[in-house]
Amino acid sequence: MKFVFSILVLLVSNAFAHNTELPTELKNSDREIWITVGADAVNSFQKSVGLDSAVEHASQDGITVMKIKESDIGAMSHLMHEDFNRCGGFVAHESEEEAYKELNSGAERLFAEKAVLVDYTIDQNDLVKSAIEQVNEFKMRSTIEKLSSFKNRYYKSSTGVDSSKWILSKWNELAGSRTDAKAFEFKHNRWPQPTVILEIKGKSEDVVIIGGHADSIAGWFGRENAKAPGADDNASGIATITEVARVLLESGYVPEKTLAFMGYAAEEVGLLGSKEVAQDYKAKGKNVIGVLQLDMTNFNGSELDIVMMSDYTNAAQNAFVGNLIDNYLPGVKWGYDKCGYACSDHASWTSAGYPASMPFESKKGDMNRNIHTSRDTISQSNGTADHAAKFAKMALAFMIELDK
Ligand code: BES
Ligand code: ZN
């Protein structure tokens, strides 16, 4: 539908590019429409039609979402053509949601271009293979069990804070006495649960990140006191991240780039923690070359083992992760699917302009139906972390191959 409408706009823009006279149908229509347009054109357009008729709603990576009067489409086309030398130059959308989707995919295109600069070669065979061999399913299982033993890990509850402090001390234990490794809290002002970050500092300014949310949730009322073990969603992701950190640190791996491991706060209530972290990295101009989101890794619901979510992620990096699986995890089957919305923290990194991927435990349609209930326990995965172990191996390959 958006496509048809865009064509219509292009036709209108061509027909009236050299003619300021508008047809009466357009003049008389007062319907408001959503458009995306280059951010550089916003001021001129507002000047020409008035601030009230052209309201800017969001801006990202040079693209602006705005609401304009349908009757101003002609004026917009004219402006774009005469002053900005663009034919068309903007896209009209059927709904606000469509416009925001375009804003995200516009950003995606930009990252895809940038991603050409990221080295996606696979040539660290010896290092990756020996790291993969050290993945210990039993240790991952015990992390899942420990995290799901908290009553809940809700972002506003005391056990939500305690469980994140447990992750902090676990990660600091792994860092041990190394002077280049340390875990710390990224505090949030609006709620008590911190995001936890473990960094292994490298020589360069580049950063490679693996992360997942540490919080859990169940029910609608009294969430502070509800039983929310969140074994799959997302103790499994945190156990996966913890195991990657353990293998790298215990093997004495010294990185070129900074490796960061993140347990985000408050994902279940709208990606709140990761949004603040990603925006902080963006504001500081940090050079994040890749982000891997691990959210739900231990429920083997599909024929495929690992399913790459293709929306709100970076296509070039997704393909790289697929190649890593083919190369290092023979027998592990992978494919693509979509969440259909900004379903987890990878979307926060995508919005901040960084390449992110979200390898998931199953196809969306085969997902674990017990998440967000008191039944999300490790028994739904036969009491093992076998499925999550595949993700730990993939994430090790991701970090080591990007770290060069
Ligand atoms: N782990 C889920 C996301 C998920 C669920 C991905 C099922 C794929 C399949 C995540 O913790 C979650 O619940 N996200 C929310 C959205 C968020 C913005 C509050 C959701 O999916 O409703
Ligand atoms: Zn989750």
Side-chain angles (χ1 to χ4, degrees), residues 97 100-101 104 143-144 147-148 150 152-156 160 163-164 167 188 190-191 193 195-196 210-220 223 226 228-242 262-279 291-302 304-313 318 334-352 356-378 380-381 387-388 391:
E97 199 194 346
Y100 274 87
K101 246 190 226 162
N104 273 311
T143 305
I144 296 174
L147 286 170
S148 43
F150 290 91
N152 62 58
R153 302 188 302 278
Y154 190 58
Y155 77 128
K156 281 204 274 194
S163 52
S164 283
I167 296 169
H188 302 282
R190 294 179 295 149
W191 63 87
Q193 183 180 54
T195 287
V196 179
I210 66 172
H213 67 94
D215 63 323
S216 72
I217 202 166
W220 290 100
R223 283 166 159 175
D232 190 27
D233 190 9
N234 182 33
S236 66
I238 297 295
T240 306
I241 294 158
T242 304
M262 304 195 174
Y264 308 109
E267 185 269 353
E268 297 286 11
V269 288
L271 320 180
L272 299 183
S274 59
K275 227 177 264 174
E276 290 193 0
V277 175
Q279 288 303 318
V291 181
L292 197 69
Q293 171 69 6
L294 295 162
D295 183 2
M296 298 171 65
T297 63
N298 202 32
F299 182 77
N300 195 353
S302 296
L304 294 173
D305 295 295
I306 297 178
V307 177
M308 305 290 300
M309 293 305 188
S310 61
D311 51 351
Y312 301 90
T313 55
N318 292 344
W334 72 276
Y336 285 104
D337 200 3
K338 276 188 176 142
C339 253
Y341 56 97
C343 67
S344 190
D345 304 299
H346 55 289
S348 298
W349 291 101
T350 297
S351 308
S357 297
M358 159 84 165
F360 190 67
E361 63 189 8
S362 69
K363 290 251 201 185
K364 181 86 192 309
D366 300 327
M367 65 176 270
N368 182 347
R369 306 272 157 204
N370 289 304
I371 65 166
H372 302 177
T373 74
S374 61
R375 298 178 304 280
D376 183 6
T377 60
I378 198 170
Q380 306 289 347
S381 305
H387 199 50
F391 287 75

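Everything numeric here is computed off the predicted structure, so don't read it as measured data. In listed order, ligands and their atoms are each counted from 1.
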>> Counting only heavy atoms closer than 4.0 Å, does ligand 1 sit against the backbone of Cys339, its side chain, both, or neither?
In response: side chain

>> Is the contact between Glu268 and ligand 1 made by the side chain, the backbone, both, or neither, using heavy atoms and a 4.0 Å cut-off?
In response: both

> Which atoms of ligand 1 are found less than 4.0 Å from any heavy atom of Asp233?
Replying inline: 1 (N), 2 (C), 11 (O)

> Can you tell me which residue and heavy atom of the protein come closest to atom 22 (O) of ligand 1, and the distance to 0.1 Å?
Replying inline: Tyr341 OH, 4.0 Å

> In this structure, are over 12 heavy atoms from other groups packed under 6.0 Å from Glu97 atom CD?
Replying inline: no

> Would you call Leu271 a ligand 1 contact, heavy-atom distance under 4.0 Å?
Replying inline: yes

> atom 14 (N) of ligand 1: which of Cys343, Gly237, Ser344 has the nearest heavy atom?
Replying inline: Cys343

> Quick one: side-chain contact (heavy atoms from CB on, under 4.5 Å) partners of Ala226, sequence neighbours excluded?
Replying inline: none

> Hey, is Arg190 close enough to Glu276 for a salt bridge, meaning N to O under 4.0 Å?
Replying inline: yes

> If you leave out waters, which protein N, O or S atoms are less than 2.8 Å from the Zn ion (ligand 2)?
Replying inline: His213 NE2, Asp233 OD1, Asp295 OD1, Asp295 OD2

> For ligand 1, which atoms sit closer than 4.0 Å to a heavy atom of Lys364?
Replying inline: 9 (C)

>> Only heavy atoms of Asp295, strictly under 4.0 Å: list the atoms of ligand 1 that pass.
In response: 1 (N), 2 (C), 3 (C), 10 (C), 11 (O)

>> Could you identify the single nearest non-hydrogen protein atom to atom 9 (C) of ligand 1 and state the distance to 0.1 Å?
In response: Phe360 CZ, 3.2 Å

> Among all protein non-hydrogen atoms, which one is nearest to atom 4 (C) of ligand 1, and what is the separation to 0.1 Å?
Replying inline: Met296 SD, 4.0 Å

> For atom 17 (C) of ligand 1, which candidate among Glu267, Lys275, His213, Lys363 holds the nearest heavy atom?
Replying inline: Glu267

